Each structure stands twice: as C-alpha cells, then as structure tokens.
Amino acid sequence: MKTRTFLIVLLTATLTGCFAPVNLTYESARMLDEGQIELQGSYSRYYVLNDEEVETANLNNNFGFAAGYGVSDKYTMKIRFEHMNMTPDFNTIFGDDDGENDEIWNDLEKMNFFEFNNRIRLKEDVLAISVPVGFYFYTSFDTENPSGFGYFSIDPRLYLTLFGSSDIFELTVAPKIHILVAGFGGIAAYPGVSLGIGLSSDLDRWAIRPEVAYDRFVSFGIGASFNFNTVRK
C-alpha cells in the first residue's frame with residue numbers, strides 16, 4: 001500500500017510541476033584526461049509552450065559556470081553553478097494569490113542552482129553515464145520571505161555521442177530524468193532529453209557547444225569550454 005501511494009504521488013507530481021529544471025548540460029561522452037582541468041561558461045533560455053495563460057512564454061534565462069577535473073581517463077568530476085533569472089511571464093503563469101501554488105512562486109525573482117557531477121566512461125568517446133546531485137535556492141521579491149532552499153535534485157543521465165572519434169565535430173543525445181525533492185517534502189520526476197553538438201579545431205582542447213532540450217519545457221543555449229594542463233593521448 002505504501003509503495004502504491006508513493007507511486008501515485010510521484011506520478012501526480014510529474015504531471016503538475018511548478019518550474020523548469022535545468023536541462024541543458026553542454027557535455028558529451030568525451031572524458032577529461034587524468035589531471036586535466038575544464039572551465040566552461042554558458043547561456044540558456046527556457047520556454048513553456050501552449051500554457052493556459054500564454055501560448056508561448058520565456059520563463060527564465062540562465063548564466064552558468066562549471067569546472068571539471070579528470071580523476072582518471074574513465075572518471076570526471078565537475079561542479080556547476082547556474083544563475084536563473086525569472087521573467088515576468090514566469091510569475092504570470094506560476095504565481096497566484098488563491099493558495100493553489102506554494103507561496104514562494106508568487107513573487108519569485110531568481111533561483112541559483114548548484115550541482116556536483118560524476119561522469120563515468122562506459123565506452124571511450126561514445127557512451128558515458130552520470131548521476132549528478134544538485135540544489136535549487138530561490139530568492140523572492142517578498143521581503144518577509146526573501147530567500148530559502150527550494151529543491152534537492154538527482155539527475156541521472158546517459159550520454160550517447162556520435163562521431164566521437166572526430167577532433168572537430170561530435171553529436172550527443174542525452175536522455176535523463178529530473179528527480180526533485182522539495183523542502184516541504186514534495187517530490188516530482190521529469191523525464192527529459194537534450195541534443196547537443198561540439199564544434200572545434202581540437203575538441204580535446206576547446207569546444208563551442210550549442211544545445212537544445214525538452215522535458216515538458218523547451219530550452220536552448222550555448223556553452224564554451226576550455227581544457228588545460230594535459231593533452232589527450
């Protein structure tokens with residue numbers, strides 16, 4: 001009975017939701033060399049389509065930074081930060097005064113997202129898996145409740161990279177599921193997928209990474225990464 005109740009709650013949360021989780025990764029199955037360091041910056045935009053309030057709306061625009069370290073040729077650790085600026089359309093859709101949504105959505109100004117990622121190679125430059133752990137912290141316009149903890153997240157991902165042997169181009173499909181646990185005990189699960197490409201004169205040293213994604217919300221953005229200290233063998 002408890003298991004059945006949990007599944008019903010999980011399914012209900014999956015179908016409702018209340019904000020667009022970070023879905024763009026700007027990564028591939030290509031790993032860092034042992035001792036290699038990666039620095040990355042990104043810009044992303046998130047949209048909702050055919051909502052009851054508006055047909056198409058830009059919910060938030062994110063600025064991101066990440067740093068990775070090659071523990072070995074088969075294991076890469078990465079920390080990530082994204083600053084999520086909420087738009088007026090976000091509060092039009094998700095904020096209300098009738099108590100149906102949690103009060104933090106009524107006057108949400110921005111969220112900050114922190115993530116620890118651990119990418120493991122399954123097949124060199126072709127297949128990798130990761131189970132990142134992250135946190136969403138919100139800031140509200142409400143001066144009586146200006147900020148606080150929003151969500152804890154677990155975001156398992158699979159990276160399938162095509163043309164991984166190329167030094168100038170790669171194409172990555174990354175299916176994933178966002179598992180979000182709210183501070184007040186709610187839980188939600190959102191399946192998603194992203195499609196990204198890597199462009200460079202040498203992908204082992206630097207890359208420009210345009211990407212699009214879908215998880216009930218549509219997102220797109222671009223990242224730029226630079227690797228230091230070692231050269232892939």
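Keep in mind the model is a prediction, meaning the values are calculated, not measured.
Under the rule for a side chain to side chain contact (heavy atoms under 4.5 Å, CB included), the partners of Leu195 that lie at least two apart in sequence or sit in another chain are Leu171, Val173, Val212. By the salt bridge (charged side-chain N to carboxylate O under 4.0 Å, His left out) test, Lys78 pairs with Glu27, Glu38, sequence neighbours left out. The side chain to side chain donor-acceptor pair (under 3.5 Å) check on Tyr46 picks up nothing, with sequence neighbours excluded. Under the salt bridge (charged side-chain N to carboxylate O under 4.0 Å, His left out) criterion, Glu211 pairs with no residue, sequence neighbours left out. Residues passing the ring pair (Phe, Tyr, Trp, His ring centres under 6.0 Å) test with Tyr47, sequence neighbours excluded: Phe220. With sequence neighbours excluded, the residues satisfying side chain to side chain contact (heavy atoms under 4.5 Å, CB included) with Leu160 are Val126, Leu127. The ring pair (Phe, Tyr, Trp, His ring centres under 6.0 Å) check on Phe169 picks up Phe163, with sequence neighbours excluded. Among residues two or more places apart in sequence or in another chain, the salt bridge (charged side-chain N to carboxylate O under 4.0 Å, His left out) test is passed with Glu115 by Arg80, Arg157. Considering only residues two or more places apart in sequence or on other chains, Tyr43 meets the side chain to side chain donor-acceptor pair (under 3.5 Å) condition with Arg45.
The line from CG of Leu32 to CG of Asn229 is 10.5 Å long, rounded to the nearest 0.5 Å. Here the OG-CD1 distance, from Ser201 to Ile208, works out to 10.0 Å after rounding to the nearest 0.5 Å. Here the CG atom belonging to Leu122 is positioned 7.0 Å from the CG atom belonging to Leu158, to the nearest 0.5 angstrom. Rounding to the nearest 0.5 Å places CG of Asn60 at 4.5 Å from CE of Met84. Remark: Phe217 CZ to Leu59 CG distance equals 6.0 Å, nearest 0.5 Å. The structure places NE2 of His178 at 9.5 Å from OH of Tyr190, a figure rounded to the nearest 0.5 Å.
Here the closest heavy-atom approach between residue Asn23 and residue Ala213 is recorded as ND2-CB, 3.1 Å. Annotation for Met77 and Val71: closest pair CG-CG2, 3.8 Å, computed over non-hydrogen atoms. Residues Gln40 and Thr25 approach most closely at OE1-O, 4.1 Å, considering heavy atoms. Of all heavy-atom pairs spanning Asp215 and Gly192, the tightest one is CB-CA, 3.7 Å. Closest approach of Ser166 to Leu203, counting heavy atoms only: O-CD1, 3.7 Å. Minimum heavy-atom separation, Ala128 to Arg119: CB-CG, 4.1 Å.
The neighbour count for Leu39 CG, taken as heavy atoms of other residues, nucleotides or ligands under 6.0 Å away, is above 12. Summarising the local packing, CD1 of Ile79 is surrounded by 12 or fewer heavy atoms from other residues, nucleotides or ligands at distances under 6.0 Å.
One N or O on the side chain of Ser72 and one on the backbone of Lys74 form a donor-acceptor pair closer than 3.5 Å. Remark: side-chain polar atoms of Ser28 are not paired, donor with acceptor, to backbone N or O of Thr172 under 3.5 angstrom.
Sorted by first and then second residue, the pairs that involve residues 159-173 and meet salt bridge (Lys or Arg N to Asp or Glu O under 4.0 Å), not counting sequence neighbours, are Arg30-Glu170, Glu170-Arg209. Among residue pairs with one or both ends in residues 70-89, those qualifying as ring pair (Phe, Tyr, Trp, His ring centres under 6.0 Å) are Phe81-Phe114; sequence neighbours excluded.
Side-chain contact between Ile179 and Phe152 is absent, with no heavy atoms from C-beta onward closer than 4.5 Å. Side-chain contact between Tyr136 and Leu180 is present, with heavy atoms from C-beta onward closer than 4.5 Å. Side-chain contact between Ser194 and Tyr26 is absent, with no heavy atoms from C-beta onward closer than 4.5 Å. Between Thr76 and Gln36 there is no side-chain heavy-atom pair separated by less than 4.5 Å. In this structure the side chain of Val131 reaches within 4.5 angstrom of the side chain of Ile154, judged on heavy atoms. Using a 4.5 Å cut-off on side-chain heavy atoms (C-beta onward), Pro21 and Tyr151 make no contact. With contacts defined as side-chain heavy-atom distances shorter than 4.5 Å, the pair Asp73/Glu124 does not qualify.
The hydrophobic cluster containing Met86 does not contain Phe63, counting ILVMFWY residues as joined when their side-chain heavy atoms lie under 4.5 angstrom apart, directly or transitively.
Other members of a hydrophobic cluster containing Tyr159 are absent, since no ILVMFWY side chain comes under 4.5 Å of it, directly or through relayed contacts.
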